[in-house]
Amino acid sequence: MKTTGMDDLILKIDDLHTYFYTDDGVVKAVKGIDFSVRKGETLCLVGESGCGKSVTALSVMRLIPQPQGRIVKGRITFDDVDLLKLTASEMRSIRGNRIAMIFQEPMTSLNPVFRIGQQIAEAIVIHQGLAQRRAMDLAVEMLRKVGIPEPERRAKEYPHQISGGMRQRAMIAMALSCNPDLIFADEPTTALDVTIQAQILELMNQLKQDIGASIVLITHDLGVVAEVGQTVAVMYAGQIVEYADVVDLFCEPKHPYTLGLMASIPNMDVPVSENKMLRTIPGVVPSLLDLPPGCAFAGRCGEARQKCWQEEPRLSEVEPGHLVRCWLDD
């Protein structure tokens with residue numbers, strides 16, 4: 001990872017393994033994750049669906065569904081505190097207060113039987129100990145801050161009464177209501193049209209600057225990464241396969257999987273009539289129930305050699321601050 005003083009870190013994850021024990025076998029959803037987040041930084045977790053991005057965030061929040069899900073190994077250090085050693089009560093005092101999460105689908109994350117204002121005020125009452133009336137005033141103020149018109153009226157409405165864009169803004173207001181130090185944003189612009197996407201990203205960036213929070217942005221959209229990210233961790237089959245500064249990653253991607261993702265981006269400088277078919281990555285992601293020996297990407301990599309099928313590569317620094325999990329860079 002990047003060379004930085006420990007005082008500059010807000011989150012550090014070491015060798016995190018999160019598994020799900022099912023009737024069909026053990027699903028190794030996260031398999032040896034290492035990364036750190038600096039204060040005020042936006043780190044993007046990138047990868048296709050099922051690669052372990054959301055499970056990583058839920059592991060930090062200690063929200064892995066039990067008894068099937070289990071963090072079997074690793075260390076999660078938040079502001080010099082190992083979250084995995086905290087009691088459930090101690091973790092509740094941090095979750096939603098100092099660490100917040102913006103979930104992927106606000107319609108299923110917001111409670112349909114409670115008004116928007118009530119749901120935001122609840123977190124304020126629990127974590128800041130304010131009276132209900134004062135908490136409602138702050139909830140309305142947060143709705144105003146995230147750009148919702150007529151916040152006093154919207155606070156009294158139910159989730160189904162407002163648009164998708166407004167529900168996402170309400171989720172952001174809820175996440176920011178206690179001025180957290182770290183925010184996980186799980187696909188915050190999914191299912192929103194491009195205009196609303198741009199507004200949500202601009203809003204998040206502005207609010208991050210206002211409260212000085214760090215953000216871990218989970219996404220599969222490389223355009224979003226280029227817009228808001230500072231550091232990028234590319235995930236595949238439960239592991240980080242490339243980790244770099246956002247400029248370095250876009251200018252000089254190293255891992256074959258990252259190269260494949262980059263090649264799938266349409267070239268807007270080429271006329272439509274001259275655009276060739278977009279390149280795709282052949283094959284499918286291996287089953288997390290039965291990962292092959294060696295590199296998990298070997299079956300889809302056009303440059304795989306014998307060693308790739310036999311030995312699992314380590315995440316190694318190939319350039320200052322640029323780490324790659326690949327034998328081709330050995």
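This one's a predicted model, so the numbers in the text were calculated from it and none came from an experiment.
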key: hydrophobic_cluster_shared for Phe78 and Leu217, side chain cutoff 4.5 Å   = yes
task = Check whether Val37 and Val224 end up in the same hydrophobic cluster, where Ile, Leu, Val, Met, Phe, Trp and Tyr are linked by side-chain heavy atoms less than 4.5 Å apart.
result = yes
Check whether the side chains of [X] and [Y] place a donor and an acceptor atom closer than 3.5 Å, and report yes or no.
X	Y	answer
Glu252	His322	no
Ser54	Asp186	yes
Ser36	Arg38	no

Apply salt bridge (Lys or Arg N to Asp or Glu O under 4.0 Å) to [X] and list each qualifying residue two or more places apart in sequence or on a separate chain.
X	answer
Asp181	Arg98
Lys73	Asp15
Glu312	Lys31

inquiry  = Checking Gln239 against Val30 for the side-chain contact (heavy atoms from CB on, under 4.5 Å) test, could you report, in this order, the C-alpha distance in whole Å, the side-chain angles of both residues, the deciding distance, and whether it holds?
reply    = CA-CA 6 Å; Gln239 294 181 316; Val30 170; over 6 Å; no
[Y] backbone acceptor or donor facing [X] side chain under 3.5 Å:
X	Y	answer
Asn97	Ser93	yes
Trp327	Cys295	no
His127	Arg95	yes
Thr280	Pro282	no
Glu150	Arg154	no
Gln119	Met174	no
Arg115	Ala155	no
Lys53	Gly47	yes
Arg167	Pro159	yes
Glu90	Thr87	yes

Counting only heavy atoms not in [X] (residues, nucleotides, ligands), do more than 12 fall under 6.0 Å from its [atom1]?
X	atom1	answer
Glu227	CD	no
Glu202	CD	no
Glu122	CD	no
Gln209	CD	yes

Out of curiosity, [X] [atom1] to [Y] [atom2], how far, rounded to the nearest 0.5 Å?
X	Y	atom1	atom2	answer
Ile281	Ser264	CD1	OG	6.5 Å
Leu45	Met235	CG	CE	6.5 Å
Cys301	His255	SG	NE2	7.5 Å
Ile13	Thr56	CD1	OG1	6.5 Å

query = Which atoms form the tightest heavy-atom contact between Cys308 and Ala298, and what is the distance?
reply = O-CB, 4.0 Å
message = Is the ring pair Tyr257/Tyr236 parallel, tilted or perpendicular, if the boundaries are 30 and 60 degrees?
response =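 Because their plane-to-plane angle lies in the 30° to 60° range, the rings of Tyr257 and Tyr236 count as tilted.
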query = Arg153 and Glu157: salt bridge (Lys or Arg N to Asp or Glu O under 4.0 Å), yes or no, with the steps?
reply = CA-CA 7 Å; Arg153 180 165 70 90; Glu157 294 182 333; 3.1 Å; yes
key: Criterion side chain to side chain donor-acceptor pair (under 3.5 Å) on Glu41 and Ser214, from CA distance to verdict   = CA-CA 5 Å; Glu41 176 185 27; Ser214 303; over 6 Å; no
query = Other hydrophobic cluster members with Tyr19, side-chain heavy atoms of Ile/Leu/Val/Met/Phe/Trp/Tyr under 4.5 Å, chained?
reply = Tyr21, Val26, Val72
query = Linking Ile, Leu, Val, Met, Phe, Trp and Tyr through side-chain heavy atoms less than 4.5 Å apart, which residues share a cluster with Phe114?
reply =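 Members other than Phe114 - counting any ILVMFWY side chain reachable under 4.5 Å - are Val113.
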Residue pair Lys208, Thr42: steps toward the side-chain contact (heavy atoms from CB on, under 4.5 Å) verdict = CA-CA 9 Å; Lys208 183 193 97 165; Thr42 297; 2.9 Å; yes
ask   = Of the options Leu259, Val232, Val234, which is the one that meets Pro253 in a side chain to side chain contact (heavy atoms under 4.5 Å, CB included)?
value = Leu259
task = Kindly indicate, with the supporting measurements, whether the criterion salt bridge (Lys or Arg N to Asp or Glu O under 4.0 Å) is fulfilled by Lys254 and Glu303.
result = CA-CA 13 Å; Lys254 304 284 187 184; Glu303 300 181 61; over 6 Å; no
query = Is Pro149 close to Met166 at the side-chain level, that is, under 4.5 Å between some pair of heavy atoms?
reply =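 Touching, per the 4.5 Å side-chain cut-off.
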side-chain contact (heavy atoms from CB on, under 4.5 Å) between His17 and Ile71, worked out = CA-CA 6 Å; His17 292 70; Ile71 298 173; over 6 Å; no
ask   = Going through the distances and angles, do Leu222 and Phe250 end up as a side-chain contact (heavy atoms from CB on, under 4.5 Å)?
value = CA-CA 9 Å; Leu222 291 173; Phe250 276 84; 4.2 Å; yes
Please tabulate, one pair per line, all N/O donor-acceptor pairs under 3.5 Å involving side-chain atoms of residues 57-70, not counting sequence neighbours.
| from | atom 1 | to | atom 2 | distance (Å) |
| --- | --- | --- | --- | --- |
| Ser59 | OG | Thr18 | OG1 | 2.9 |
| Ser59 | OG | Val55 | O | 2.7 |
| Arg62 | NH1 | Leu83 | O | 2.5 |
| Arg62 | NH1 | Leu86 | O | 3.2 |
| Arg62 | NH2 | Leu86 | O | 3.2 |

